[in-house]
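Input: a single structure, listed below in structure tokens.
Below, each value reflects all heavy atoms present in this structure, side chains not excepted, and no hydrogens, waters or symmetry copies.
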Amino acid sequence: MNLYSTKSRSKTVSLKEAVLQGLPPDNGLYMLEDIPVLPPAFFDNISAFSFPELAFQVARNLIGTSINDQNLKTIIDRSIVFDAPLVSLDPNTHVLELFHGPTLAFKDFGARFMAELMSFLVQNDNRKLTILVATSGDTGGAVAKGFYQTEGIEVIILYPSGKVSALQEKQLTTLGGNITALEIQGTFDDCQALVKQAFLDSDLQRYLWLTSANSINIARLIPQSFYYFRAYQQLKNKHEPFLFVVPSGNFGNLTAGLMAKKMGMPVAKFIAATNVNDVVPEYLESGVFHPRSSVPTLSNAMDVGNPSNFARIMDLYGADHEEVTRSIEGYAFTDLSTKEAIKELYDRFEYVIDPHGAVGYLALKEYQLRFPQSSGIILATAHPGKFVDTVEETLGFPVHIPERLSKLADLPKDSIVMDTDFGSFKAYLIGRE
């Protein structure tokens, strides 16, 4: 398995180099040189696999001989320890619940796999690996939990002050140990820019062994492809066309779905569902990509104005707008519509959903106005308890908060406040050594 930069296919690197480097020196993103199609026998026998067995087959198809089967199976068995159940609300409306992991968000799949993979890759190296990660909400908590107390690895999480929910913030600021939280006085895009600049800084490269746990790291996308196959596995009628509806911010989740499609997943279409940060739906409509500053919304994990993984989507389709729109449609919705959708889902199905999943529901409804018989799978990316204020205000009754989340409420926050100046961030990183 070799990987290249989205900015240049001329030089390839190994899986180990790509994962532990995080970002290519040219500021592109690593992509797989080849995404093989899974054999027909995989789809013929898919119902017989357990989720870890399914994940192993998909991972081996992508990774090839970069990791031997025994070690890869160990990585999978240690990371895929919770399910992604498919809930059918009606014959054409399904919800893939991705919030049954330790931090109640879909990022747990990528974070746990990445922690196990990186731990394996650095096991014979005496250097300390420092992971930089920017978060708009759920990534930080999932990475913090996934890498907590992992020997030889330090994690520094950058998050936008006042722009994540209270419980999301507690998930990434209360662990301590090898986890440090930097509270940045800016937006998620500012956090992401600091991380990217750090990887390109030659001084920092001399002082620190840096990598990323954001979806800019290809190791995040590999495991996120697993649950697309898990969703397909659970469909009762696998012969009818279906589509995936993906609440989207940095577009790593949708990119993982496109990788699943390249591997043979028989999905008819993907729907990119966003809040008012709609640069990708705008591109799909006009053919023009115009990144801009993000706007805060109730679905804060999607508050991204310059999504990194757009470059990967362009790479997968050769930057051909017509080809992209054959696979993806995009819709954007306001906070008001999001709250109305939360209420409608409960009124119709007695199903409680978080603001991100609600945006997905709105996008599916919009698509079904044109294609009423379409069957859609909405990716529910977070437990509604993580957005308790919004959901309870909308529904008018208390929302169940799992104990592993509620116990964080009274823990003291431990974060370092920092502005968006790269010089200050760089000095902080060097000063830690």
Side-chain angles (χ1 to χ4, degrees), residues 1-6 12-24 28-35 52 55-56 58-68 71-81 101 103 105-123 125 129-135 138-140 142-148 150 152-157 192 195-196 199 209-228 250-260 262-263 308-309 311-312 315:
M1 175 193 186
N2 290 319
L3 301 97
Y4 61 88
S5 168
T6 53
T12 62
V13 300
S14 68
L15 174 68
K16 181 175 181 177
E17 289 176 281
V19 171
L20 298 184
Q21 212 174 43
L23 203 67
L29 294 176
Y30 282 120
M31 282 292 286
L32 307 176
E33 192 173 41
D34 183 35
I35 301 178
F56 172 75
V58 175
R60 185 172 62 175
N61 185 65
L62 289 174
I63 290 172
T65 59
S66 296
I67 301 174
N68 69 44
N71 288 325
L72 181 58
K73 188 175 187 305
T74 299
I75 291 168
I76 293 291
D77 288 345
R78 288 177 177 173
S79 54
I80 307 301
V81 294
T103 71
F106 80 100
K107 306 290 179 72
D108 285 323
F109 289 97
R112 288 184 68 92
F113 177 87
M114 181 180 275
E116 294 294 337
L117 176 61
M118 285 188 177
S119 182
F120 169 76
L121 294 175
V122 304
Q123 62 185 333
D125 202 307
L129 180 66
T130 299
I131 295 174
L132 301 181
V133 57
T135 184
D138 290 324
T139 296
V143 169
K145 190 70 173 178
F147 283 89
Y148 182 55
T150 300
I153 297 179
E154 295 282 328
V155 179
I156 300 174
I157 301 168
Q192 185 166 253
V195 169
K196 283 189 170 184
F199 289 130
W209 188 17
L210 294 176
T211 191
S212 172
N214 279 99
S215 59
I216 60 175
N217 194 313
I218 193 66
R220 268 276 302 279
L221 300 192
I222 292 170
Q224 287 179 217
S225 71
F226 300 163
Y227 47 71
Y228 284 93
N250 216 20
F251 279 79
N253 210 3
L254 193 143
T255 304
L258 295 173
M259 289 167 56
K262 292 280 186 180
M263 284 184 272
S308 290
N309 285 287
R312 284 190 169 117
D315 185 83

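Looking at Q123, its side chain does come within 3.5 Å of a backbone N or O of F120 through a donor-acceptor pair. With T139 contributing its side chain and A134 its backbone, the two residues share no donor-acceptor pair below 3.5 Å.
The two residues N253 and Y228 have their closest heavy-atom pair at O-OH, 2.7 Å. For the residue pair N217 and R312, the shortest heavy atom distance occurs at C-NH2, 4.1 Å. Nearest heavy atoms, T211 versus V19: OG1-O, 2.7 Å. Shown here for A213 and R220, the closest heavy-atom pair between the two residues is O-NH1, 2.9 Å. Between A311 and T6, the closest heavy-atom pair is O-CG2, 4.1 Å. Nearest heavy-atom pair, Y4 versus L32, reported as atom, atom and distance to 0.1 Å: CE2-O, 3.4 Å.
To the nearest 0.5 Å, the span separating CD1 on I67 from CG on L15 amounts to 5.5 Å. Taking CG of L132 as the start and CG of L23 as the end, the distance is 11.0 Å to the nearest 0.5 Å. Atom CD of E116 is separated from atom CG of D77 by 10.0 Å, given to the nearest 0.5 angstrom. Rounding to the nearest 0.5 angstrom, the gap separating the CD1 atom in I75 from the CD1 atom in I80 is 11.5 Å. Taking CD of Q21 as the start and OG of S212 as the end, the distance is 12.0 Å to the nearest 0.5 Å. Note that CE of M263 is 4.0 Å distant from CG of L62, once rounded to the nearest 0.5 Å.
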Q | Residue pair T135, K107: steps toward the side-chain contact (heavy atoms from CB on, under 4.5 Å) verdict | A | CA-CA 11 Å; T135 184; K107 306 290 179 72; 5.7 Å; no
Q: Begin from the C-alpha positions of F199 and I216 and carry the test side-chain contact (heavy atoms from CB on, under 4.5 Å) through to its verdict.
A: CA-CA 12 Å; F199 289 130; I216 60 175; 4.1 Å; yes
Q.
side-chain contact (heavy atoms from CB on, under 4.5 Å) for I156 and V133? Distances and angles first, verdict last.
A. CA-CA 6 Å; I156 300 174; V133 57; over 6 Å; no
Q.
Assess the residue pair M114 and I131 against the criterion (side-chain contact (heavy atoms from CB on, under 4.5 Å)); give the C-alpha distance rounded to whole Å, side-chain angles, the decisive distance to 0.1 Å, and a yes or no.
A. CA-CA 11 Å; M114 181 180 275; I131 295 174; 5.7 Å; no
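Scanning for side chain to side chain donor-acceptor pair (under 3.5 Å) contacts around K145 gives an empty result, with sequence neighbours left out. In this structure, the side chain to side chain contact (heavy atoms under 4.5 Å, CB included) partners of S5, at least two apart in sequence or on a different chain, are K7, P24, D26. D34 meets the side chain to side chain contact (heavy atoms under 4.5 Å, CB included) test with P36; sequence neighbours excluded. Among residues two or more places apart in sequence or in another chain, the side chain to side chain donor-acceptor pair (under 3.5 Å) test is passed with E33 by none. In this view, T12 satisfies the side chain to side chain donor-acceptor pair (under 3.5 Å) rule with no residue, not counting sequence neighbours. Residues passing the side chain to side chain donor-acceptor pair (under 3.5 Å) test with S215 are N309, sequence neighbours excluded.
The shortest side-chain heavy-atom distance between L20 and W209 falls under the 4.5 Å cut-off.
In this model, a donor atom of one side chain and an acceptor atom of the other lie less than 3.5 Å apart for S308 and K196.
The distance between the ring centers of Y227 and F109 falls below 6.0 angstrom.
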